[in-house]
Participant: 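I'd like to ask some things about the structure below.
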There are 2 protein chains.
Amino acid sequence: MHVLIVEDEKSLHQEVRQFLLQSQYLVDSAFTYAEASEKIFVNSYDFVLLDLGLPGGDGLDLLREARQNERQEASFIILTARGAIDDRVKGLDLGADDYLPKPFSLLELQSRMQAIMRRKFGLKRQELTFGQGFQLDATGRTLRYQDQDVTLTKKEFDLLHYLLLHKNRVLTRLQLGEHLWGNVLEDDSDSNYIDVHIKNIRKKLAQFAPTHFLETVRGIGYRMTE
Amino acid sequence: MHVLIVEDEKSLHQEVRQFLLQSQYLVDSAFTYAEASEKIFVNSYDFVLLDLGLPGGDGLDLLREARQNERQEASFIILTARGAIDDRVKGLDLGADDYLPKPFSLLELQSRMQAIMRRKFGLKRQELTFGQGFQLDATGRTLRYQDQDVTLTKKEFDLLHYLLLHKNRVLTRLQLGEHLWGNVLEDDSDSNYIDVHIKNIRKKLAQFAPTHFLETVRGIGYRMTE
DNA sequence: CTTCCACAATCAGAACGTGCATAGGGCAAT
DNA sequence: ATTGCCCTATGCACGTTCTGATTGTGGAAG
């Protein structure tokens with residue numbers, strides 16, 4: 001799931017960002033109207049969290065713009081201090097998916113996002129399958145092989161999940177470290193804890209089926225294929 | 001992709017450098033104003049990561065200088081202590097491509113660079129094709145011939161990738177050495193490790209199709225054609 | 001056309017680096 | 001106090017990269 005946060009107030013922005021990163025979203029940031037406009041145009045997001053009081057333009061215009069582009073499938077959630085019913089109505093008219101008045105709790109944000117996802121994808125959960133018979137349920141945090149449960153620890157699950165979200169891309173140890181451990185500015189390249197977790201994951205999965213889908217890319221990192 | 005890091009604070013510099021190297025960028029370094037100015041003038045970069053608080057001069061002057069040189073195509077990303085809004089505005093006015101407040105996450109840096117690249121080249125995924133049926137995916141670090149995987153080692157992949165990025169241009173051993181090994185100006189012409197790698201690449205590719213697209217240019221270096 | 005030389009290609013093996021396996025200690029949750 | 005998870009440390013094995021010697025080749029000069 002790819003999310004764009006459009007919010008100029010730095011501390012709030014950072015807070016939301018951090019939270020979403022921890023929830024396994026891929027997060028992108030925009031602080032101004034221009035930045036947001038460009039990113040929405042260039043990338044494709046699943047969600048756009050949109051603050052209305054932006055420097056450089058009215059957030060609602062962004063929404064309008066985006067809705068005119070039919071290729072755009074992002075769900076917009078409007079964040080604003082203005083409790084103004086007016087904005088709310090306009091926003092929803094223009095096709096916003098939900099509306100969240102500031103201040104809001106991160107948990108509320110999360111539950112609204114999940115609600116939208118349910119709406120969007122039916123009642124279907126976020127399920128990722130791989131390697132003939134494995135099925136990872138991100139919301140229930142379970143992994144199944146055919147009909148048997150596979151128990152993973154938290155870190156193992158997160159690591160596998162993250163790799164799975166980026167199927168067919170090589171992820172470096174640094175990238176993994178940053179996402180899963182938040183090592184923002186640390187260089188523990190001398191540590192091998194990621195390797196150890198990978199090894200443990202492989203060991204657990206190998207009880208059920210060969211694990212060639214979880215590849216080592218020598219000198220770079222790891223990759224899930226298929 | 002060739003990046004110049006301009007940052008006097010050593011540990012941060014090193015960190016970013018390490019990360020970018022691992023992300024397959026070609027990295028060059030400058031610690032002072034003078035050093036940076038010279039390197040920007042002499043070389044051509046795709047990105048310049050520019051710290052503003054430099055010994056020997058104001059970083060913004062560097063940006064201004066560079067922008068006056070129309071042959072200069074580098075994208076500038078400004079790195080500076082959080083909250084200096086003034087600098088930010090000035091930087092963007094002068095034509096910086098993006099702005100990153102310290103401290104920043106390496107992933108954020110990467111995603112911004114990718115965003116800029118998308119803007120610049122309109123690329124989504126870096127896929128390069130060559131020689132009737134070969135397809136190289138830079139993000140997944142895979143090479144395919146029709147539907148079969150071709151496995152290359154790290155150096156082989158990087159070398160091929162680099163040649164491919166400069167299709168139809170002859171690359172000298174010095175250029176290749178400089179970019180792939182960071183041998184800035186060394187006359188180790190007595191070593192033939194590049195030839196060896198070329199040979200190994202040819203050997204692997206030849207299993208699938210003739211390799212006339214990878215040419216030797218006698219006395220100069222190598223070239224990918226088509 | 002032949003000779004000759006500089007440069008490229010090839011090859012084997014040495015040196016190096018990286019990932020894997022394993023074990024154990026610290027720490028948090030219970 | 002006990003359990004289980006996460007991280008660290010270490011040695012090993014293997015794949016990768018580089019070296020140096022040798023063979024092969026294109027092209028300029030005679």
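Reminder, nothing fancy here: chain letters follow the sequence lines and each chain counts from 1. Atom set for the values below is all heavy atoms of this structure, side chains included, hydrogens, waters and symmetry mates excluded.
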Participant: When we call it a touch if two heavy atoms are under 4.0 Å apart, what does K155(A) touch: a base, just sugar-phosphate, or nothing?
Facilitator: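 The residue K155(A) makes sugar-phosphate contact but no base contact.
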Participant: Can you see if the side chain of T153(B) gets near the phosphate of dG15(D) - specifically, an N or O under 4.0 Å from OP1 or OP2?
Facilitator: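 Checking dG15(D) against T153(B), no side-chain N or O comes under 4.0 Å of OP1 or OP2.
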Participant: Considering only side-chain heavy atoms of W181(B), which listed nucleotide, dT22(C), dC20(C), dC18(D), is closest?
Facilitator: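 Closest of the options to the side chain of W181(B): dC18(D).
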Participant: Does atom CD of Q132(B) have more than 12 heavy-atom neighbours from other groups under 6.0 Å away?
Facilitator: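 It does not: Q132(B) CD has 12 such atoms or fewer within range.
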Participant: Contact between M113(B) and V3(B) at the side-chain level, heavy atoms closer than 4.5 Å - yes or no?
Facilitator: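 Touching, per the 4.5 Å side-chain cut-off.
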Participant: Looking at T216(A), does any N or O in its side chain come under 4.0 Å of the phosphate oxygens OP1/OP2 on dG19(C)?
Facilitator: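 Result: no.
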Participant: Between Y162(A) and H166(A), is the ring centroid distance below 6.0 Å?
Facilitator: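 So the answer is yes for these two rings.
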Participant: Please determine whether a side-chain nitrogen or oxygen atom of R202(B) lies at a distance below 4.0 Å from atom OP1 or OP2 of dA9(C).
Facilitator: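 Indeed, a polar side-chain atom of R202(B) lies that close.
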Participant: The side chain of V196(A) is closest to which nucleotide in this list: dG19(C), dA9(C), dC7(D)?
Facilitator: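 Taking heavy atoms from C-beta onward, the closest nucleotide is dC7(D).
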Participant: Between atom NZ in K154(B) and atom P in dG19(C), what is the gap in whole Å?
Facilitator: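 So the two atoms are 10 Å apart, to the nearest Å.
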Participant: State whether Y222(B) places a side-chain N or O below 4.0 Å from either non-bridging phosphate oxygen (OP1 or OP2) of dA9(C).
Facilitator: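 Result: yes.
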Participant: Rounding to an integer number of Å, can you tell me how far L159(A) CG sits from dC7(D) C1'?
Facilitator: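 In whole Å, dC7(D) C1' and L159(A) CG are 14 Å from each other.
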Participant: Using a heavy-atom cut-off of 4.0 Å across all strands, would you classify F157(B) as base, sugar-phosphate, or nothing?
Facilitator: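 No contact at all - F157(B) keeps every heavy atom at 4.0 Å or more from the nucleic acid.
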Participant: Atom CG of L214(B) to atom C1' of dA8(C): distance rounded to whole Å?
Facilitator: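 Result: 13 Å.
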Participant: Look at the side-chain N and O atoms of R218(A) and state whether any lies under 4.0 Å from the OP1 or OP2 oxygen of dC14(D).
Facilitator: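 The answer is no; no side-chain N or O of R218(A) sits under 4.0 Å from OP1 or OP2.
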Participant: With a 6.0 Å cut-off (strictly less than), is the heavy-atom count around CG of D147(A), excluding the residue itself, greater than 12?
Facilitator: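 Counting neighbours around CG of D147(A), 12 or fewer heavy atoms of other residues, nucleotides or ligands fall under 6.0 Å, so no.
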Participant: Please give, in whole Å, the distance from dT17(D) P to I198(B) CD1?
Facilitator: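 Taking CD1 of I198(B) and P of dT17(D), I get 13 Å after rounding.
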